Amino acid sequence: VTQSEVSDDYMSPTQILFYNNQQSQLREAAYKLESDPINFQYQAGVKTKQDWLDARTAIQERYPYKEQV
């Protein structure tokens, strides 16, 4: 790992907070469009619980949070 690679990935605590807030908003919108309908279908017996959990996991992977160090 070079110094430029470290500095390119560095985010201040304020930047991480802002980034995570953006990711949270993107997740919320995606949940409403993608996983909530599957959850309703799961509750109605049309989809499985795993279908719903897979949809949630895909959203979380698409919009990950950064950890503060």
Side-chain angles (χ1 to χ4, degrees):
V1 177
T2 67
Q3 180 62 33
S4 68
E5 289 173 329
V6 171
S7 61
D8 287 346
D9 288 338
Y10 175 77
M11 295 176 81
S12 72
T14 303
Q15 289 170 318
I16 290 172
L17 186 64
F18 181 76
Y19 173 85
N20 285 345
N21 186 44
Q22 286 181 315
Q23 295 297 84
S24 179
Q25 291 174 12
L26 292 168
R27 280 186 181 192
E28 183 179 345
Y31 288 143
K32 287 179 183 177
L33 290 173
E34 299 170 36
S35 72
D36 286 357
I38 294 173
N39 185 25
F40 295 134
Q41 292 173 337
Y42 157 59
Q43 291 175 22
V46 176
K47 295 276 186 171
T48 67
K49 183 175 183 179
Q50 193 60 53
D51 291 333
W52 171 58
L53 293 174
D54 290 347
R56 290 183 56 82
T57 299
I59 292 166
Q60 292 165 357
E61 289 173 352
R62 191 175 342 137
Y63 303 114
Y65 292 133
K66 296 222 182 265
E67 293 185 32
Q68 294 201 8
V69 260

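Everything quoted here is computed from the prediction, not taken from an experiment. Residues: numbered from 1 along the sequence shown.
- With values rounded to the nearest 0.5 angstrom, Ile16 atom CD1 is found 13.5 Å from Asn21 atom CG.
- A donor-acceptor distance shorter than 3.5 angstrom exists from the side chain of Arg27 to the backbone of Tyr63, with no hydrogens or angles considered.
- Not one N or O on the side chain of Asp54 forms a donor-acceptor pair closer than 3.5 Å with the backbone of Asp51.
- The line from CD of Gln50 to OH of Tyr42 is 10.5 Å long, rounded to the nearest 0.5 Å.
- Between the CG atom of Leu26 and the OH atom of Tyr31 there is a distance of 11.5 Å, given to the nearest 0.5 Å.
- The backbone N or O of Leu53 lies less than 3.5 Å from a partner atom in the side chain of Thr57, making a donor-acceptor pair.
- For Tyr65, the OH atom is densely surrounded, since the number of other residues' heavy atoms within 6.0 Å is greater than 12.
- A donor-acceptor contact closer than 3.5 angstrom is absent between the side chains of Gln15 and Tyr19.
- Expressed to the nearest 0.5 Å, how far CG of Asn39 lies from CD of Glu34 amounts to 14.0 Å.
- Residue Arg56 holds its CZ atom at 11.0 Å from CD1 of Ile38, rounded to the nearest 0.5 Å.
- Taking CD from Gln23 and CD1 from Ile59, the interatomic distance works out to 12.5 Å, rounded to the nearest 0.5 Å.
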